[in-house]
Amino acid sequence: MAGSQRQKMRADIELNKDYLSNLPSEIIEDILVKLPIKEAVRTSVLSSKWKSSWASMPNLVFAEKCLPESELIESVDKVLRVHQGPVLKFELDSDQLANRKAINRWLLVLSKNGLKDLRLMFYVYNGCTVPSSLFSCHELQHLEISGCTINGPRCFRGLKLLRKLTLRACYLERITIKKFVSGCPFLESLTLIGVNKYDSLIIRSPNLKQLILVERFSDLLLETPNLTSATIFGYGLLPHGYKDFSPANDGCKSNILRAIGALSSIEELDIDSEFCEYLGSGPIPEKLPETFHHLKKISIRIDGRSKVVDTALCILRNVPNLKTLRLMLPCQNIWEEQRIATFSFLEQLEVVEILDFKDVGSLLAFAKFILGTAPKLEKLIIYGEDLYELEDGVGFQMKLASLPRLSSKAVILFGEVADIEFPSTFSYLWNI
């Protein structure tokens, strides 16, 4: 009986082997792409067909954060040594790696194999350096690097095919952001989080459509005429503060004009109070030369500083087609009649979201203003922790419900802060 069972098991194993060996190549490749590289290599024991398939995988992902450096280097070297065909994507995520020679060796191999997507994530305090051989990968379309120093080449000729660039917690040597971005003429998406601390940050990119900028700078110049989506947060002044480009200071444009005054194609804008403080360091015009006609959604975090308030009000005067407004409200009431008489953002406004309000009085004043002046308003959504536990919470809700509404469609809704994605500077930096 035992012998017949063993024979049956052997037959089943052989049957399964035949089944796995006879799978179409495209299905095998689809399975292998979804596996960590370590597991994909182990499939080579199944059959020669599986062995040849993993050795020609176009996507190589080494997500081995805690693997000791020596083991990781051995693993990557082995895979690249036996790999056949192009490597279209290479991803490495390690908290242990700091070996510059190994990284240089891998980049030189990858640069000759049609690499289009490169992602290198290191532990920020490990002292890792990515050598200038990075810039020999001329076919790159997507580049993401975090937690290291990047050595620029002595003669930078650009990455002519790059469309998406993400740098987090990186220090650039021998190359500036201005030069890096200018050398990528087809760049469409740019994310910079905690890169060099710049006196002057200049971004010139004619095809850029999406920008996420969480940086320290004293001056920002954006020449990005096709930008449609921008998130711009500041975090802390540089030691000498922001530069003041007022007419009295070198006759240059004010900060608000240099940074966002030419974003004529912008559709979504998300800015924090630190960036508003920068924009307000200098003269704030009543009317911007370029009105934001395409801007449909804006998020602004307003605190009590006068420059922040004045900047926010200036922007809101120049958005005639705004559909969605997100606000973090200051404690004081800034919505007096004389300051909002020229606002154009009210005409098309449909949704208003209030997040993290500090004072019930200022919230009621803003709600009264919005409900009474926005003819197409559909939703006023108030997010907060323990909304129903406010002092005089019932009375607060009754006052809100009794406010007059210009729009017959307007409703007031309440939600928890956890229900909405509203990133902060801290959340961006925490994820580095």
Side-chain angles (χ1 to χ4, degrees), residues 165-172 175-184 187 189-266 268-285 288-290 292 295 298-303 305 307-308 310-312 314-315 318 423-425 428-429:
L165 173 62
T166 300
L167 301 178
R168 299 186 186 90
C170 292
Y171 186 81
L172 302 184
I175 187 171
T176 63
I177 286 295
K178 175 185 175 182
K179 189 172 183 179
F180 198 154
V181 172
S182 298
C184 307
L187 194 65
S189 176
L190 174 64
T191 297
L192 301 175
I193 301 175
V195 188
N196 296 35
K197 301 175 180 65
Y198 287 102
D199 276 0
S200 183
L201 182 55
I202 299 173
I203 297 175
R204 290 190 173 101
S205 184
N207 292 303
L208 194 68
K209 295 178 181 178
Q210 182 182 31
L211 173 67
I212 297 176
L213 188 63
V214 183
E215 289 295 341
R216 296 178 69 186
F217 50 81
S218 60
D219 172 38
L220 176 66
L221 175 61
L222 295 180
E223 294 183 358
T224 51
N226 290 303
L227 193 67
T228 58
S229 174
T231 296
I232 307 176
F233 294 170
Y235 68 99
L237 290 166
L238 290 175
H240 49 277
Y242 294 133
K243 290 183 180 178
D244 179 5
F245 287 94
S246 62
N249 187 353
D250 299 330
C252 297
K253 291 181 179 180
S254 64
N255 289 350
I256 195 168
L257 296 179
R258 285 172 62 81
I260 65 172
L263 303 184
S264 56
S265 300
I266 197 74
E268 294 188 16
L269 182 63
D270 187 357
I271 56 179
D272 72 343
S273 57
E274 286 297 326
F275 184 57
C276 286
E277 175 82 0
Y278 161 75
L279 294 176
S281 297
I284 301 177
L288 296 176
E290 290 281 347
F292 301 118
L295 189 56
I298 186 168
S299 302
I300 309 181
R301 296 148 184 80
I302 306 177
D303 59 24
R305 289 174 287 180
K307 289 181 179 180
V308 175
D310 291 342
T311 298
C314 172
I315 294 172
N318 292 273
S424 64
T425 303
Y428 277 112
L429 296 174

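- Listed by chain and residue number, nothing satisfies the side chain to side chain donor-acceptor pair (under 3.5 Å) test with S264 (two or more places apart in sequence, or in another chain).
- Q210 pairs by the side chain to side chain donor-acceptor pair (under 3.5 Å) definition with S189, not counting sequence neighbours.
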_Candidate pair L221 and R204, rule side chain to side chain contact (heavy atoms under 4.5 Å, CB included), full reasoning_ = CA-CA 8 Å; L221 175 61; R204 290 190 173 101; 3.9 Å; yes

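- A donor-acceptor pair under 3.5 Å links the side-chain atoms of N318 to the main chain of L288, judged by distance alone.
- F292 pairs by the ring-ring contact (aromatic ring centres under 6.0 Å, His included) definition with nothing, not counting sequence neighbours.
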*List the steps, then state whether side chain to side chain contact (heavy atoms under 4.5 Å, CB included) holds for L211 with T224.*
CA-CA 10 Å; L211 173 67; T224 51; 5.9 Å; no

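- Using a 4.5 Å cut-off on side-chain heavy atoms (C-beta onward), L201 and L213 make contact.
- In this view, I284 and D310, T311, C314 satisfy the side-chain contact (heavy atoms from CB on, under 4.5 Å) rule, not counting sequence neighbours.
- Shown here are the side-chain contact (heavy atoms from CB on, under 4.5 Å) partners of A312, two or more places apart in sequence or in another chain: I300, I302.
- With values rounded to the nearest 0.5 angstrom, S200 atom OG is found 12.5 Å from I177 atom CD1.
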*Could you walk me through whether R301 and D270 pass the side chain to side chain contact (heavy atoms under 4.5 Å, CB included) check?*
CA-CA 9 Å; R301 296 148 184 80; D270 187 357; 2.5 Å; yes

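- The main-chain N or O of L220 is found under 3.5 Å from a side-chain atom of Y278 such that the two form a donor-acceptor pair.
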_Assess the residue pair R216 and E274 against the criterion (salt bridge (Lys or Arg N to Asp or Glu O under 4.0 Å)); give the C-alpha distance rounded to whole Å, side-chain angles, the decisive distance to 0.1 Å, and a yes or no._
CA-CA 10 Å; R216 296 178 69 186; E274 286 297 326; over 6 Å; no

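- In this structure, the side chain of R168 does not engage the main chain of L192 through any donor-acceptor pair within 3.5 Å.
- Distance CD1/I315 to CD1/I256: 5.0 Å, rounded to 0.5 Å.
- Legend: residues meeting side-chain contact (heavy atoms from CB on, under 4.5 Å) with S265, ordered by chain and number and at least two apart, are N226.
- Side chain of T228 to main chain of K209: a donor-acceptor pair is present (N/O by atom type, distance under 3.5 Å, no hydrogens or angles).
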